Amino acid sequence: MSTARPSRLRRTMAPLSGLAAREAEDSGGRGPAGKPNHGRPDHGRAKGALGAPVAGAVALALCGLAALALPLVADAYILHSCIVVLFFAYMATAWNFVCGYVGQLSIGHAMFAGVGGYATVLLFTGLGLSPWLGMPVGGLLAAALSVVVGYPTFRLRGPYFALTTIAFAEMIRIWVENTDTFLGIPLNGAAGLTVPLRGESVAALQFNGKAPYYYLIVALLAGALLATWRLERSKLGFYLKAIRGDRDAAESLGISPARYQLVALAISAFMTGVGGGFYAQFFRYVNAERLIGVDLSIDMALMSIIGGQGTVFGPLLGAVLLAPLAEITRGALGGSFLGLHIVVYGIILMLAVLYLPKGLIAPLRTLLLRIAGRGGAR
């Protein structure tokens, strides 16, 4: 009898064993029969286990306080730059929600942002619907589109999902760029749509300063990070990790890969659609080239991969590094060397794949654990 099959089953059972262990922890450290474990406690290990979460919580709280206080000390330019970085961090986190945990590469994720952005603007201009409602509606439309894309492709093996996403995204982009009106709905083709100005209006999500937009994108990013954190500790997250580990073995255990992958894709598309709505309101303009084009999809993918896909804070770390780097290269050399930032992205990606296959978050996490271990030893 071949030993390949049992090894694949063990590899797939690993995340499901983690789920059982977590449920055991939630039951107060008792065994399957509800009896307490009488093993001798390892005090050194307990200190290390407690030190890392405490250090992480303290660091996270300090970062949160610094983020909330930033508008009080930063000028408009710095605040605008931070909003752009946090926007990319949010979009990369949404991309990571499906691609990092499901293991399916999406090269056309920007189409969901385009659907959300265009829907938010059209609902505001055509029906007078507030962007506060238009953004979630746009997210729902993006989720519906993701079901159309994912339902047939998740039932196939191979790179069909990646090919389908980029094909759909390019078809939608080309169609929007060459369509002035559709069923009486103005799309304005390549010119795009401009958000009509209403002055200082909370209902219209229009403000003269940058601070309200900054706090809004901070809230969106915090929600996305919390959703990712919850995903890692949910049954859906363990099922997705099992599917990513070995699809055949997961199916043999009664897990439906297509079903759970589609759920993750719909959630990711909803988040991306809401991000597209924020983009439209912040810049007060949308067009197909920027919001549906492949550039945005590549930005989301690279930031997540380089930062550390399949982790909570990896996409945020990647965005903090790559988004300012892109702006610096565009500003310094963009006029002479068009597209140089893409070359820089490629070099960083190659170095990350060769030397940091788990992303920049892996060495940072190791460093924090060492610091926490030293603190616990004291």
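Predicted model, so just to flag it, every value in this text is computed and none were measured. For the single chain, residues carry numbers from 1 onward in sequence order. Heavy-atom basis, side chains included; hydrogens, waters and symmetry copies ignored.
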CZ on F313 to CH2 on W229, rounded to 0.5 Å: 10.0 Å
A323 to F88 - nearest heavy-atom pair and separation: CB-CD1, 4.2 Å
Over all atoms of both residues, closest heavy-atom pair of T153 and T164: CG2-OG1, 3.1 Å
Side chain to side chain contact (heavy atoms under 4.5 Å, CB included) evaluation trace for T93 with L225: CA-CA 7 Å; T93 302; L225 294 174; 4.1 Å; yes
Y214 versus C82, closest heavy-atom pair with distance: CE1-CB, 4.1 Å
Main-chain N/O of P196 paired to Q206 side chain as donor or acceptor, under 3.5 Å: yes
Joint cluster assignment, I174 & I292, ILVMFWY side-chain distance < 4.5 Å: no
Interatomic distance, L321 atom CG to L302 atom CG [nearest 0.5 angstrom]: 11.5 Å
Distance-minimising heavy-atom pair for L316 and A89: CD1-CB, 3.6 Å
Non-hydrogen side-chain atoms of Y279 and R290 separated by less than 4.5 Å: yes
Side chains of S146 and V149 in contact at under 4.5 Å (non-hydrogen atoms): no
Heavy-atom side-chain proximity of L231 to I267 below 4.5 angstrom: no
ILVMFWY network linking F154 to L163, side-chain heavy atoms under 4.5 angstrom: no
Shortest non-hydrogen separation from L197 to R284 and the atoms involved: CD2-NH1, 3.5 Å
Main-chain N/O of W175 paired with T179 side-chain donor or acceptor, under 3.5 Å: yes
Parallel, tilted or perpendicular: ring planes of H109 versus F112, cut at 30 and 60 degrees: perpendicular
Close side-chain approach of L220 and V274, heavy atoms under 4.5 Å: yes
Donor-acceptor contact present, side-chain S130 to main-chain A203, <3.5 Å: yes
Test item: R244 side-chain N/O and G100 main-chain N/O as donor-acceptor pair under 3.5 Å: yes
Q261 side-chain N/O to V98 backbone N/O, donor-acceptor pair under 3.5 Å: no
Exam field: side chain T165 to backbone I107, donor-acceptor pair closer than 3.5 Å: yes
Whether W95 side chain and D299 backbone form a donor-acceptor pair below 3.5 Å: no
N96 side chain to T311 backbone, donor-acceptor under 3.5 Å: yes
Non-hydrogen side-chain atoms of F270 and L140 separated by less than 4.5 Å: yes
Joint cluster assignment, L354 & I347, ILVMFWY side-chain distance < 4.5 Å: yes
R230 atom CZ: more than 12 heavy-atom contacts under 6.0 Å: no
Distance in Å, L216 CG paired with M135 CE, rounded so as to fall on 0.5 Å steps: 5.5 Å
A92 versus M300, closest heavy-atom pair with distance: CB-O, 3.8 Å
Pairwise distance OH(Y101) to CG(L240) - rounded to 0.5 angstrom: 10.0 Å
Flag, side chain of T272 to backbone of S268, donor-acceptor distance under 3.5 Å: yes
Straight-line distance of I78 CD1 to K210 NZ, nearest 0.5 Å: 12.5 Å
Derivation of the side chain to side chain contact (heavy atoms under 4.5 Å, CB included) call for F207 and Q281: CA-CA 10 Å; F207 308 98; Q281 293 303 126; over 6 Å; no
Path from I172 to V148 over hydrophobic side-chain contacts below 4.5 Å: no
Aromatic plane relationship, Y213 with F278 - under 30° parallel, 30 to 60° tilted, over 60° perpendicular: perpendicular
I243/V102 under side chain to side chain contact (heavy atoms under 4.5 Å, CB included): CA gap, chis, key distance, verdict: CA-CA 7 Å; I243 295 169; V102 173; 5.8 Å; no
L68 vs Y215, side chain to side chain contact (heavy atoms under 4.5 Å, CB included): CA-CA, chis, key distance, verdict: CA-CA 8 Å; L68 293 176; Y215 285 121; 4.1 Å; yes
Spatial distance of atom CE (M271) from atom CE (M91) [nearest 0.5 Å]: 10.0 Å
Min side-chain heavy-atom separation L205-F124 under 4.5 Å: no
Donor-acceptor contact present, side-chain E200 to main-chain N208, <3.5 Å: yes
Of L187, V286, L129, the residue whose pairing with L122 passes side chain to side chain contact (heavy atoms under 4.5 Å, CB included): L187
ILVMFWY cluster, V176 and Y285 together (side-chain gap under 4.5 Å): no
F238 six-ring centre to K235 NZ/CZ under 6.0 Å and within 45° of normal: no
